[in-house]
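Chain letters run A, B, ... following the sequence lines, proteins first and then strands; every chain starts at 1. Note: hydrogens, waters and symmetry copies are ignored here, and every other heavy atom, side chains too, is used.
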Number of protein chains: 4
Amino acid sequence: MKRLTCGVIGAGRVGLMHIENLLSLSTINIVGVSDLFIENSKTYLNDLGIYNLYADYEELLKDDSIEAVFIFSSTDTHEEITIAAARAGKHIFCEKPLSMDLKESASINVLREVTKNNVLLQIGFNRRVDLQFKTIYEQIQAGAIGDPQIVKITSRDPDLLPHDLIKRIGGLLFDFTMHDFDMARYMMQSNIVEVYAKGGTLIDPSLKNIGDVDTLAIVLEFENGAFGLIDNSRRAVYGYDQRVEVFGTKGMLKAENVSESTVELYTAKKQSMKNPLPIFTERYRYAYKEEVNQFVEAVLEGCPLVADGFDVIMAQRVATAAQESLLTGKPVKVDPSLPIIE
Amino acid sequence: MKRLTCGVIGAGRVGLMHIENLLSLSTINIVGVSDLFIENSKTYLNDLGIYNLYADYEELLKDDSIEAVFIFSSTDTHEEITIAAARAGKHIFCEKPLSMDLKESASINVLREVTKNNVLLQIGFNRRVDLQFKTIYEQIQAGAIGDPQIVKITSRDPDLLPHDLIKRIGGLLFDFTMHDFDMARYMMQSNIVEVYAKGGTLIDPSLKNIGDVDTLAIVLEFENGAFGLIDNSRRAVYGYDQRVEVFGTKGMLKAENVSESTVELYTAKKQSMKNPLPIFTERYRYAYKEEVNQFVEAVLEGCPLVADGFDVIMAQRVATAAQESLLTGKPVKVDPSLPIIE
Amino acid sequence: MKRLTCGVIGAGRVGLMHIENLLSLSTINIVGVSDLFIENSKTYLNDLGIYNLYADYEELLKDDSIEAVFIFSSTDTHEEITIAAARAGKHIFCEKPLSMDLKESASINVLREVTKNNVLLQIGFNRRVDLQFKTIYEQIQAGAIGDPQIVKITSRDPDLLPHDLIKRIGGLLFDFTMHDFDMARYMMQSNIVEVYAKGGTLIDPSLKNIGDVDTLAIVLEFENGAFGLIDNSRRAVYGYDQRVEVFGTKGMLKAENVSESTVELYTAKKQSMKNPLPIFTERYRYAYKEEVNQFVEAVLEGCPLVADGFDVIMAQRVATAAQESLLTGKPVKVDPSLPIIE
Amino acid sequence: MKRLTCGVIGAGRVGLMHIENLLSLSTINIVGVSDLFIENSKTYLNDLGIYNLYADYEELLKDDSIEAVFIFSSTDTHEEITIAAARAGKHIFCEKPLSMDLKESASINVLREVTKNNVLLQIGFNRRVDLQFKTIYEQIQAGAIGDPQIVKITSRDPDLLPHDLIKRIGGLLFDFTMHDFDMARYMMQSNIVEVYAKGGTLIDPSLKNIGDVDTLAIVLEFENGAFGLIDNSRRAVYGYDQRVEVFGTKGMLKAENVSESTVELYTAKKQSMKNPLPIFTERYRYAYKEEVNQFVEAVLEGCPLVADGFDVIMAQRVATAAQESLLTGKPVKVDPSLPIIE
């Protein structure tokens with residue numbers, strides 16, 4: 001099978017984790033890596049058989065053999081690097097968001113470059129290809145539950161993040177709930193027209209100092225008249241709690257948490273061994289691989305992308321409205337029409 | 001064991017169902033029944049061994065042997081009959097609400113009579129004694145999940161009600177969701193301070209003509225800072241869907257639906273036999289008996305009531321606020337302080 | 001609905017439990033009770049509204065209003081009383097076995113009297129009407145799993161019985177496993193042709209003194225070529241463990257234990273609240289009522305009996321063979337042909 | 001981390017599957033492969049980066065850089081090749097059995113060479129490291145269920161094997177049930193002293209022609225007095241059915257089947273999406289990797305082997321006795337003492 005020749009931009013802590021994931025895939029051939037501090041990772045990357053290393057990503061983009069780039073650099077560089085990669089004619093896999101700038105025009109600028117240069121851009125909404133959620137999606141498409149009327153998403157992290165990390169990647173709504181906004185819209189196949197968000201600092205009151213919350217309860221309204229409910233927490237002591245339920249005219253689909261264990265222990269004291277998987281890297285291990293495989297198929301064979309630039313804009317638009325709802329204490333209308341890229 | 005000598009007011013369709021339930025309990029002795037159309041039920045009640053039958057409930061209240069009355073008459077008579085029963089010195093078991101009048105003063109009038117005449121009044125919030133929900137409540141009280149932060153209630157009816165019945169008993173919020181408001185407050189042991197309700201007629205658009213909805217998504221805020229999410233539907237084709245989940249600092253409790261079957265069928269086509277019980281009479285069969293037993297214990301032995309007049313006022317207050325939220329499209333504040341009965 | 005006028009023979013500890021069960025049924029009218037020590041239960045039975053009380057069961061049998069009798073007297077009286085009841089023209093509901101005499105001719109004698117006098121005899125194999133096992137049976141009959149090939153029964157009691165009770169009612173094979181032999185044959189709809197039983201005293205070695213075991217592992221062969229596996233224990237500390245699984249050419253059916261709770265508790269330590277119901281009176285509460293209802297329907301409307309005299313003989317035949325297998329250490333052939341009652 | 005330099009003997013259909021598995025492990029470095037028909041796999045193996053290819057395994061054994069060999073050649077070559085590898089000083093990973101010769105002396109010969117040459121020999125009893133069964137084993141060791149009294153193993157293949165393959169690898173008892181015998185002994189940590197096996201050709205009667213069965217029901221007795229029950233079928237239409245249950249004085253542990261899906265579908269018709277994984281390669285994917293990792297740790301760091309030569313002899317001894325039981329229709333005693341290798 002033909003493999004996709006790729007470069008990676010960003011080899012920090014998260015970047016290296018992603019690189020290891022990419023190396024386990026037979027669909028990808030990584031020929032170069034750039035990072036501002038590339039010297040730190042040199043030995044490690046050489047050991048993995050990657051020898052073309054750059055401090056400047058522009059140098060990597062000059063490698064004509066590279067067909068696609070994976071952008072794992074810090075969020076504040078996404079906008080600039082995506083535009084540069086598009087101009088260099090590389091297909092792009094980028095983590096959300098496209099821009100730190102909450103004004104949508106910034107993200108639209110990026111999309112315009114992507115469109116103009118005729119390259120593909122996939123966003124890392126990996127949950128769309130999770131085995132459980134994909135099954136729900138496919139069952140809905142197959143008509144198993146008729147017309148969807150209510151989508152419920154429970155999404156709880158195992159623990160708090162450091163405040164300085166939150167400052168860099170965004171608070172609960174932008175770092176975490178944004179995945180749920182995308183999932184809700186994906187399941188419903190309808191855009192969101194209103195969001196009402198209640199949030200609080202029930203775990204770590206000092207989050208107020210950086211304008212963040214640790215607990216959220218959210219109601220959504222969709223363009224097709226359906227409703228959504230999302231609840232988030234930063235600390236579920238029993239594991240990484242990720243459940244989706246969709247209710248419709250002909251039935252209901254729900255995905256329970258994934259547990260490594262099917263073992264049940266029965267004693268006089270009543271116990272069992274089934275807790276959710278503990279963290280996103282384990283829970284979405286398959287999805288992290290699968291999204292890359294689908295990106296490769298999109299580039300090489302014209303298959304659909306898992307999620308594109310419009311998808312990330314729509315999710316970010318809801319997160320921004322939810323933020324406004326948190327601040328004003330009122331429901332906020334959301335424009336359900338896709339942005340137009342002239 | 002001493003049995004409680006009781007009278008029943010209201011022997012229509014619902015009343016007769018309740019009477020049969022009461023007769024299966026060894027804690028109760030029913031000596032009289034009143035109903036406007038008592039002639040219709042005469043043979044039936046005589047066959048059950050009940051011979052003191054009245055068209056006028058005032059006559060029944062004159063029977064000095066009667067210690068307590070069960071009020072199963074139509075909602076619009078609750079207020080008048082409860083007051084009369086209190087004045088006659090009878091302990092009272094009454095279905096919600098206490099009054100059709102949404103102004104709280106009407107219900108407070110009733111409570112004042114109850115208090116003045118020193119009788120007990122229990123409201124039929126039977127879900128509080130449901131085996132599953134009681135277990136969750138007890139586990140929370142025992143500290144199993146630490147401080148509760150999020151309560152989620154899924155409550156879906158198997159099918160639509162006739163429009164004329166809705167006009168008599170109230171729409172989705174007052175007939176159905178009010179149970180969820182009481183459950184949410186009961187689980188959290190904290191009063192509700194804000195409600196935001198989104199509703200629609202996704203199943204039967206003609207409900208708009210009588211000002212009702214068939215689908216609801218609701219966010220609650222509690223006095224203790226916690227949050228609640230409720231979703232309702234009038235038509236779950238797979239059965240009566242009744243689930244409660246409470247998330248806290250040290251864990252999570254959830255009650256799944258009750259199914260009659262533990263049988264699993266595995267074939268090449270993948271099937272199973274476990275659907276929820278189909279309707280409230282089956283799902284809450286135990287609770288309907290248990291609430292009466294606890295009422296008897298309250299009267300005879302001074303044990304606590306399952307739910308009292310304050311509980312129904314607090315639930316109705318949230319339902320009224322939710323109704324306002326539906327109409328205005330805005331979150332509505334709710335006064336969390338209990339009414340004062342001078 | 002017409003009710004069946006009945007007498008009860010045997011009002012000891014177990015008999016009184018059964019009488020209370022019978023009284024909760026609207027299909028039965030109990031007009032008389034006999035017991036050797038009837039004086040002991042007089043007040044109790046009078047309070048329940050039963051006034052015709054006899055020390056001698058022959059007196060009860062003379063009551064012409066009685067259409068059917070329930071025999072709850074001690075096992076060693078079953079043979080004599082069943083014969084007398086048959087001769088008195090009463091329909092009979094009797095607990096297993098028909099005779100303490102392991103020679104089949106004793107039970108056949110009883111059946112001959114039943115046949116000659118044209119009365120119905122139902123054996124209390126209540127598990128046949130248990131909701132779970134009935135579902136499996138009906139699914140098999142409906143072809144859901146094709147031809148059954150393997151039946152597996154796990155049947156574990158919550159605790160040891162007193163030695164003197166074992167001496168009166170029979171050891172593990174005759175008191176307990178006999179239900180499993182009947183269930184296996186019922187599920188397979190094929191008679192057993194061989195049994196191999198391994199047994200031990202893993203819980204209470206002193207059981208050896210009375211020739212009993214507390215743990216059994218059994219393999220069955222059926223006339224249709226299928227196989228059965230049964231495992232028994234007298235002490236499952238986690239509750240009354242009752243599971244049945246049937247595997248066939250087109251699929252597999254299994255009934256898991258029945259639990260009162262659907263509540264799940266997730267904490268950092270991983271717990272749940274779902275243990276089996278603790279004891280047979282709770283686990284088979286429905287079945288104990290249902291078998292009587294079906295007996296009444298058999299008498300009044302000619303519906304099929306739940307289990308008849310042939311069924312108990314076939315089960316006892318396997319238990320006797322299993323006992324021989326235990327003693328000889330060898331598999332023992334079982335005659336699969338029904339006894340002939342001339 | 002140091003990697004183990006290895007050779008692979010046998011690159012047929014199964015061998016290539018194993019090689020791909022080995023290549024995905026970071027603990028292994030494969031430097032050579034031998035196969036009688038090595039030309040057929042040359043391109044494929046070269047593409048995988050393996051260039052030292054041999055038709056004669058003796059040539060591969062001469063490569064001094066090779067520390068360990070994996071033997072995936074046909075069963076009838078295990079004995080000869082294991083001995084040669086031991087004499088060449090290579091650590092050995094071999095699939096069961098050690099010899100086609102049912103006389104134990106053949107396997108003991110192999111062990112003698114392994115011992116004399118001071119190399120490690122691991123048998124591919126991969127189920128011992130399966131996540132579910134390992135959890136049960138560890139819980140038993142930790143005392144969670146007290147003293148184990150009954151072990152139950154359900155092991156059903158998804159479909160029949162071709163007759164000629166059965167002739168080469170052995171029938172149901174030797175190819176399939178042998179894993180269950182090892183698992184039963186491993187869970188109980190006690191040797192088997194008696195086996196009684198009932199078998200039949202309920203799926204494919206023509207199996208009689210080659211002396212095989214497709215369905216088995218087996219009872220085991222252990223040296224410690226405990227019992228075991230095993231049921232096998234060659235065709236479970238709903239997937240690869242692999243369950244283990246262990247019952248003890250203080251509780252019960254059971255491992256249910258592993259399903260890829262946690263999605264539940266509720267409709268008016270009652271369905272679900274949870275079937276077992278379909279085949280052993282998926283069900284034991286983790287175990288196939290983990291057994292190799294543990295073999296590497298045994299070689300490099302002196303950790304314990306997953307299963308050694310004694311383990312395979314003990315399992316084969318039971319399979320042989322079970323075969324005799326099938327033929328004679330009698331229970332067969334099994335010597336529980338380990339063979340002695342002088």
Answer key: most heavy-atom pairs under 4.5 Å with chain C among D:R235, D:E245, D:K330 is D:E245
Kindly give the heavy-atom pair with the smallest separation between D:T249 and C:V237, and that separation in Å.
O-CG1, 3.3 Å
Under 30°, 30 to 60°, or over 60°: which ring-plane class applies to D:F247 and C:Y238, parallel, tilted or perpendicular?
perpendicular
Sort by residue number and list every residue of residues 146-161 of chain C having at least one heavy atom under 4.5 Å from chain D.
C:Q149, C:I150, C:K152, C:T154, C:R156
Between D:I230 and chain C, with a heavy-atom cut-off of 4.5 Å, which part of the residue counts as in contact: side chain, backbone, both or neither?
backbone
So CZ of C:F227 and CG of D:N232: to nearest 0.5 Å the spacing works out to 11.5 Å
Heavy-atom pairs under 4.5 Å with chain C: which of D:G329, D:G248, D:G199, D:G239 has the most?
D:G199
Between D:T215 and chain C, which part of the residue has a heavy atom less than 4.5 Å away: side chain, backbone, both or neither?
both
Give the member of D:S233, D:A197, D:A226, D:G228 that has the highest number of heavy-atom pairs under 4.5 Å with chain C.
D:S233
Top contributor to chain D contacts, counting heavy-atom pairs under 4.5 Å, from C:A217, C:G200, C:P331:
C:P331
Do other residues, nucleotides or ligands put more than 12 heavy atoms under 6.0 Å from C:K250 NZ?
no
Counting only heavy atoms closer than 4.5 Å, note whether D:I145 contacts chain C via side chain, backbone, both or neither.
neither
